[in-house]
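Inspection log for the structure reproduced underneath, given as structure tokens.
Chain letters run A, B, ... following the sequence lines, proteins first, then strands; residues in each count from 1. In this text, all values refer to a predicted model and were calculated from it rather than measured experimentally.
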Amino acid sequence: MYVLIDCDHFYVSCERVFNPKLNGQPVVILSNNDGSIVDRSNEAKALGIPMGAPYFQWRDFLKRHHVAVLSSNYALYGDLSFQVMRTLETFNPDCEIYSIDEIFLTLSENDDPIAFGRFLKEKIKRWTGIPVSIGIAPTKTLAKVANRQAKKLYSLDGVCAFLSSEQIEKNLETLPTEDIWGIGRRFSNFLQKKGIYTAAQFKNQDDHWIRNALSTKALRTAWELRGIPSLEFDEMRPNKHSIVISRSFEHPIIKLETLEEIISTYAARETEKLRQAKRLASSLQVFLMTSFHKPREPFYANALHLTFSEPTAYTPTVVAYAKMGLQKIFREGYFYKKGGVIVTAPPLNNTMCYTETPD
DNA sequence: TCTGGGGTCCTAGGACCC
DNA sequence: TCTGGGGTCCTAGGACCC
């Protein structure tokens, strides 16, 4: 059996650990530039505030309803995430850290799923202050579904285990395709056009059809929904393959020189990250785009991939390449709203290890 | 005025080689 | 009519995730 532990409205919960006055209050957390709402408490959700909503559109509403509004503090969230993960590892070392607020682990036959889930939930809350919900099922994808139920049905008290195929079937019949883990908006729209609206319908489709019409990944998702484990369980967190720094600019930018400054800063910061991780970048991608949200203005987006002559973490080299790429994709006369630099740093091996360079 | 940032995996197609 | 075929590596782009 697979167990998925998912922290409840994680960013809000982190803030509450350090400011208990926020308990029971409606709270929202804003994205980097205070651009949009990236997390909200149950109380805020109950007011009808949607996830991802642009802050400026909701500012007055939030004020009127006395919603606490906080800028995000990723250093804090990273810290608490680490504590939650470490707590879990003391009870079960076979953990797969899936994201900042989710962790998978496997359960042996002998354990009572519900009792184990309750035990973990209580320990994490007591040791870290973070509330979690727990889903338990025969596959990771089904554990996701169970976790959703655990959050939704108050009577379950945060722990939901799928212990029979009847129970699984019943849940999949009411699960819309767009809420299946691994099926996004694009695929879900496509499926609906074909008359497939629920997870139960989806999993019963022909294998060849799923593979050809969607993807091999979607096929694996179907198997998982049928109860056949088809996703890997990575106990060892794989090394990152790429590092991204990208930002929406506060104001639209027209001039190349301004963009050059910004892109150079991103590139320089990435070399710091590389050296911290003791990695070398083999290539770099720089991208640039105008706003998605201005249908009347001309849209332009472009990206360029450049490979270094040899893997590097040397700031001047990376900055020079980033600038060179930028100059090639830059077009006069557009209002640029977002840009970024991605460096790809392949998994570690002996020859690619970073060693001190005069920098 | 103002709409997030950081990731993964898969595939099709081109370049190159024998 | 038909112009070699197969393997491998790389990249761009699309789909998805939190």
Quiz item: cation-pi between A/Arg59 and A/Tyr55, 6.0 Å / 45°: yes

Protein-nucleotide distance (A/Asp179, atom CG; C/dC18, atom P), rounded to Å: 11 Å

Sugar-phosphate only, base, or nothing, as touched by A/Ile183 at under 4.0 Å among non-hydrogen atoms: sugar-phosphate

Sugar-phosphate, base or nothing in reach of A/His305, heavy atoms under 4.0 Å: sugar-phosphate

Sugar-phosphate only, base, or nothing, as touched by A/Asp101 at under 4.0 Å among non-hydrogen atoms: sugar-phosphate

Short side-chain N/O contact from A/Asn32 to OP1 or OP2 of B/dG6, under 4.0 Å: no

Side-chain N,O (A/Lys294) to OP1/OP2 (B/dC2) below 4.0 Å: yes

Name of the residue among A/Arg220, A/Arg226, A/Glu224, A/Lys203 meeting side chain to side chain donor-acceptor pair (under 3.5 Å) with A/Thr141: A/Glu224

Sugar-phosphate only, base, or nothing, as touched by A/Ile180 at under 4.0 Å among non-hydrogen atoms: sugar-phosphate

Lys/Arg N to Asp/Glu carboxylate O, A/Asp6 vs A/Arg148, below 4.0 Å: no

Sugar-phosphate only, base, or nothing, as touched by A/Pro50 at under 4.0 Å among non-hydrogen atoms: nothing

Length of the CZ-P vector between A/Phe249 and B/dT3, whole Å: 12 Å

First encountered from the 5' end of DNA chain B, between A/Lys273 and A/Arg59: A/Arg59

Short side-chain donor-acceptor distance under 3.5 Å, A/Glu15 and A/Tyr77: yes

Closest to the A/Val244 side chain, choosing from B/dT3, B/dG7, C/dC18: B/dG7

Enclosure of A/His305 NE2 (heavy-atom neighbours >12, cutoff 6.0 Å): yes

Sugar-phosphate only, base, or nothing, as touched by A/Leu30 at under 4.0 Å among non-hydrogen atoms: nothing

Lys NZ or Arg CZ of A/Lys140 over A/Phe104 ring: under 6.0 Å, within 45°: yes

Minimum-distance nucleotide (side-chain atoms of A/Arg247 versus B/dC2, B/dG4, B/dG6): B/dG6

Between P of B/dG6 and CG of A/Leu274, the distance in whole Å: 14 Å

For A/His65, all residues meeting ring pair (Phe, Tyr, Trp, His ring centres under 6.0 Å), sequence neighbours excluded: A/Phe61

Nearest-angstrom distance from the residue atom CZ of A/Phe56 to P of B/dC2: 8 Å

Touch class at under 4.0 angstrom, heavy-atom based, for A/Ser283 against every strand present: nothing

d(CZ, A/Phe287; P, B/dG7) in whole Å: 12 Å

Residue A/Pro54, side-chain heavy atoms: nucleotide from B/dC2, C/dC18, B/dT3 that is nearest: B/dT3

Secondary-structure stems for DNA chain C, with pairs counted as Watson-Crick or G-U when both distances are under 3.5 Å and runs at least 3 long: B:5-18 with C:5-18

Nearest-Å distance for atom pair CZ/C1', residues A/Arg269 and B/dG5: 12 Å

Pair A/Thr271, A/Thr315: side-chain N/O donor-acceptor within cut-off below 3.5 Å: yes

Sugar-phosphate, base or nothing in reach of A/Phe187, heavy atoms under 4.0 Å: sugar-phosphate

C1' gap between C/dC18 and B/dC2, integer Å: 25 Å

Phosphate OP1/OP2 of B/dC10 contacted by A/Arg220 side-chain N/O (<4.0 Å): yes

Side chains of A/Leu107 and A/Ile136 in contact at under 4.5 Å (non-hydrogen atoms): yes

Residue pair A/Ser133 / A/Asp8, side-chain donor-acceptor N/O under 3.5 Å: yes

Whole-Å distance separating the CD1 atom of A/Ile342 from the C1' atom of B/dG6: 9 Å

Sugar-phosphate, base or nothing in reach of A/Ile243, heavy atoms under 4.0 Å: sugar-phosphate

Side chains of A/Thr87 and A/Thr128, donor plus acceptor under 3.5 Å: no

Rounded distance (Å) that lies between atom C1' of B/dC2 and atom CZ of A/Phe61: 19 Å

A/Lys338 and A/Thr290, any side-chain heavy atoms less than 4.5 Å apart: no

Minimum-distance nucleotide (side-chain atoms of A/His241 versus B/dT8, B/dC2, B/dT3): B/dT8

Under 4.0 Å protein heavy-atom contacts per nucleotide of nucleotides 11-17 of chain B, with B for base, S for backbone only and - for none: S------

Residue A/Glu102, side-chain atoms from C-beta onward, closest of B/dG7, C/dC18, B/dG4: C/dC18

First encountered from the 5' end of DNA chain B, between A/Ser246 and A/Tyr55: A/Tyr55

